[in-house]
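All heavy atoms count here, side chains included; hydrogens, waters and symmetry mates do not. Protein chains get the first letters and strands the later ones, always in sequence-line order, with residue 1 at the start of each.
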There are 2 protein chains.
Amino acid sequence: MHNQTLLQFIKSHPIGASLTRDESEPYSFLKLVAKEYKAHSIVSRQGEVDTRIFIVQSGWACLQRGLQNGDRQIIDTPLRGDIIGVRAVDGPSIATLSAISDLSLFEIPRRALASATLLHRPLGNMLTRAIARQNSILTEHLMNTGRRNAMSRTAHFLLEMEERLSAYGLASGGRYECPLTQQELADILGLTPVHVNRTLGELRKLEMISFKAGWVEVLSRKKLVALAGFDKEYLRLM
Amino acid sequence: MHNQTLLQFIKSHPIGASLTRDESEPYSFLKLVAKEYKAHSIVSRQGEVDTRIFIVQSGWACLQRGLQNGDRQIIDTPLRGDIIGVRAVDGPSIATLSAISDLSLFEIPRRALASATLLHRPLGNMLTRAIARQNSILTEHLMNTGRRNAMSRTAHFLLEMEERLSAYGLASGGRYECPLTQQELADILGLTPVHVNRTLGELRKLEMISFKAGWVEVLSRKKLVALAGFDKEYLRLM
DNA sequence: ACTTTTCGTTAACATAGGTTAACTTACCAA
DNA sequence: TTGGTAAGTTAACCTATGTTAACGAAAAGT
């Protein structure tokens, strides 16, 4: 799988299914192969100019933004199939992109992609859909930090991850591998690690979900969905 | 101004300046005229299917999403020039769009715009940039609710509004008209109205910013920018 | 002009979540 | 295998923000 070209990957993408004609061949970046990053390495730094667009082939990425006081907020944890870095403005990046687990990324020069999408209908379409979806995910994240308490916020996030991983068969039976530390979870949820720990313990005690040794397991989807007010509509791909 | 066509409006748009050739003429929606909405009226409801895309000509819009428990989060307050509703998926809307002040909106069928952007380079470009900017705004909003306290959160938001309005000359000398109630401000910032009131009072007492009778006035930009950690880079249009 | 909402303001009190710190457990590198 | 660092856990205590409620001042409707 890890010498698969971008074209092959896109063909297997839930959004990109329509991209099967050989009209898609002329773009050289489609022959690209993913680049590998070690866990905890940094791909692109906040404040530096970077004209690449990334597509996750495998692993957990981390898109984060730091504040002056040293605090940080994790904007998203892009997973397989997610597109990152569509800023469309030449200027310093607004966030840092790093690898949480070992990560493999397709890297496409922004200009190449931009001109290709203008000429190639399905590709442009796919990109627009992907950005729009990122927008929905961000919106729901904002709902979480703005208006949900620690319990339902955490529950909501863990359900979202399950749903997003499921699209690629990376979660099954309510179980999935999750390399996040409680510190990272805290920076996603806008909480402290200590409180994340309390919350996770509580969720476990209520037999809703457990998160141990790098694995998440949904124990009672019904209770969890009710607590989180989770509705997966916002994650729809097509 | 209020029988201006969409084409005329786009030509005056900071992003859309390049759209001056008459190749832009063939699309009938460019001849559209904005539709007027009264303050507090609802344009599009969360959960209902709506295939329009909106561009704000004037006024303050409100994009919000409700939770089961009755709480709501305001995602954004789109202003002149902002593009709303690019979901790119046929399905129920994720948020409600309403008018805070009197509002005038260009309304474009999603399909018409999508096909036009594929054929017309500058238009597609403009749209991509607009979405990417919405993304930056959302990201910064998430920073606010996730990692800033009430004071800097409020300061940050009020500075953002000033910057966004300035792009159209709708703010000058640090002063701008702002029709938001404290309740609405609370739903933007993820606070309670009571606490917004305290915070606003505090900011006033510290001679940083005042918000009274529908007008915001920056009293000390320096102190305010420091408190908020405000860097307008994320709002850059070109 | 009068009445009725809505909005802003303030105070007293309550609590979810933050802070610090100590300890344990798991992981990693030599 | 072992020692060291990073991660998870728990407890005691603290504080920023939420809650409720009362009142005055604007707006809005008749």
Worksheet item: Toward the 5' end of DNA chain C, which comes first, V196(A) or N197(B), by nearest nucleotide?
Response: N197(B)
Worksheet item: Can a side chain N or O of Q182(A) be found less than 4.0 Å away from OP1 or OP2 on dT9(D)?
Response: yes
Worksheet item: What is the distance, rounded to the nearest whole Å, between atom CG of D71(B) and atom P of dG18(D)?
Response: 11 Å
Worksheet item: Separation of L203(A) atom CG from dG8(D) atom C1', in whole Å?
Response: 16 Å
Fill in: Distance, rounded to the nearest Å, where E202(A) contributes CD and dT9(D) contributes P
14 Å
Discussion item. Below 30° counts as parallel, above 60° as perpendicular, anything between as tilted: where do the rings of F9(B) and Y168(B) land?
Written reply: parallel
Worksheet item: Just checking L191(B): base, sugar-phosphate only, or nothing, at a heavy-atom cut-off of under 4.0 Å?
Response: sugar-phosphate
Discussion item. For residues 168-181 of chain B, which residue pairs pass the salt bridge (charged side-chain N to carboxylate O under 4.0 Å, His left out) check, not counting sequence neighbours?
Written reply: R175(B)-E217(B)
Worksheet item: Base, sugar-phosphate, or nothing for G214(A), non-hydrogen atoms under 4.0 angstrom?
Response: nothing
Item to complete: Take the protein atom CG of L200(A) and the nucleotide atom C1' of dT10(D), then report the distance between them rounded to whole Å.
Response: 14 Å
Fill in: Interatomic distance, H195(A) NE2 vs dT10(D) C1' [rounded to whole Å]
14 Å
Worksheet entry | Atom pair distance, as rounded to whole Å: CG in L189(B) and P in dT17(D) | 11 Å
Practice prompt. Give a yes or no on whether the backbone of Q73(B) and the side-chain of R65(B) come within a donor-acceptor separation of less than 3.5 Å.
Written response: no
Worksheet item: To the nearest Å, how far apart are R198(A) CZ and dC14(D) P?
Response: 14 Å
Worksheet item: So, H195(A) and R198(A): side-chain donor and acceptor under 3.5 Å apart, yes or no?
Response: yes
Discussion item. Quick check for you: among dT10(D), dA11(C), dG18(D), whose closest atom lies nearest to any side-chain atom of V194(A)?
Written reply: dT10(D)
Worksheet item: If you look at every strand shown and take non-hydrogen atoms under 4.0 Å, does T192(A) touch a base, only sugar-phosphate, or nothing?
Response: base
Item to complete: Would you mind telling me which residue lines up with the more 5' stretch of DNA chain D, A213(B) or Q183(A), judged by nearest nucleotide?
Response: Q183(A)
Practice prompt. Answer yes if the side chains of Q134(B) and D76(B) hold a donor-acceptor pair under 3.5 Å, and no otherwise.
Written response: yes
Discussion item. Output the rounded distance in Å from CG (D187(B)) to P (dC7(C)).
Written reply: 12 Å
